[in-house]
Amino acid sequence: MSPRNPESPDSLYKRIYAAVRRIPTGRVSTYGRIAKLAKAPGPRVVGYAMAALRDGSSVPWQRVVNHKGEISLRKAGDGQWRQRRLLEAEGVHFSLRGRIDLRAYGWPTPRKTPPNKA
DNA sequence: CCTGTGACGTCCC
DNA sequence: TGGGACGCCACAG
């Protein structure tokens, strides 16, 4: 196998994209979780893989946010807004601070942490 | 081959 | 609850 070769079926990026595709519509995951699921060496690599995506890649990249539940800023600049649009279209709710409640929309379900638990 | 950089996370204050 | 510092690694030049 050739993990260095992007064309390899079991390449790192392929695994990452596969993991992202598993995120259900209306739910979101984090770079860290995707990294684990895809057996990636680290979260940064996941971000790098996302940045390498093309439009119409069939990979729901918009469902990947950082561990704070916020849309990560990218170099390109544009896109964060588009990401938010796409997520809202899927029914994902953003707080006033522009954050997503991972306890409610996170995937896989991080914990059975009751949102209303005292 | 070596260096810089990035759509991040965790620890510590 | 918020902010700063360090760690980790693949990729491009």
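Per chain, numbering begins at 1; letters A, B, ... match sequence-line order.
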**Item:** Nearest atoms (heavy-atom pairs only) where A/His67 meets A/Leu102
**Value:** O-CD1, 3.4 Å

**Message:** By the salt bridge (charged side-chain N to carboxylate O under 4.0 Å, His left out) test, which pairs, at least two apart or in different chains, include something from residues 58-72 of chain A?
**Reply:** A/Arg63-A/Glu90, A/Lys68-A/Glu70

**Item:** Separation of C/dC8 C1' from A/Ile34 CD1 (nearest whole Å)
**Value:** 18 Å

**Message:** Taking side-chain contact (heavy atoms from CB on, under 4.5 Å) as the criterion, tell me which of A/Ile23, A/Val92, A/Leu87 meets it with A/Gln62.
**Reply:** A/Leu87

**Prompt:** Is there a side-chain contact between A/Trp61 and A/Tyr17, using heavy atoms and a 4.5 Å cut-off?
**Reply:** no

**Item:** DNA chain B contacts made by residues 88-98 of chain A, counting heavy atoms under 4.0 Å
**Value:** none

**Asked** Between A/Val45 and A/Leu12, is a side-chain contact (heavy atoms from CB on, under 4.5 Å) present by the stated rule, with each step listed?
**Response** CA-CA 9 Å; A/Val45 182; A/Leu12 181 57; 3.4 Å; yes

**Request:** Side-chain contact test, heavy atoms from C-beta onward, threshold under 4.5 Å: evaluate it for A/Phe94 versus A/Arg84 and give yes or no.
**Result:** yes

**Over 12 foreign heavy atoms within 6.0 Å of CZ, A/Arg21** = yes

**Asked** Reading nucleotides 7-13 of chain B from the 5' end, what letters show protein touch, with B for base, S for backbone sugar-phosphate only, - for no heavy atom under 4.0 Å?
**Response** BBSB---

**Prompt:** A/Gly26 and A/Tyr105: which non-hydrogen atoms are nearest, and at how many Å?
**Reply:** O-CD2, 3.5 Å

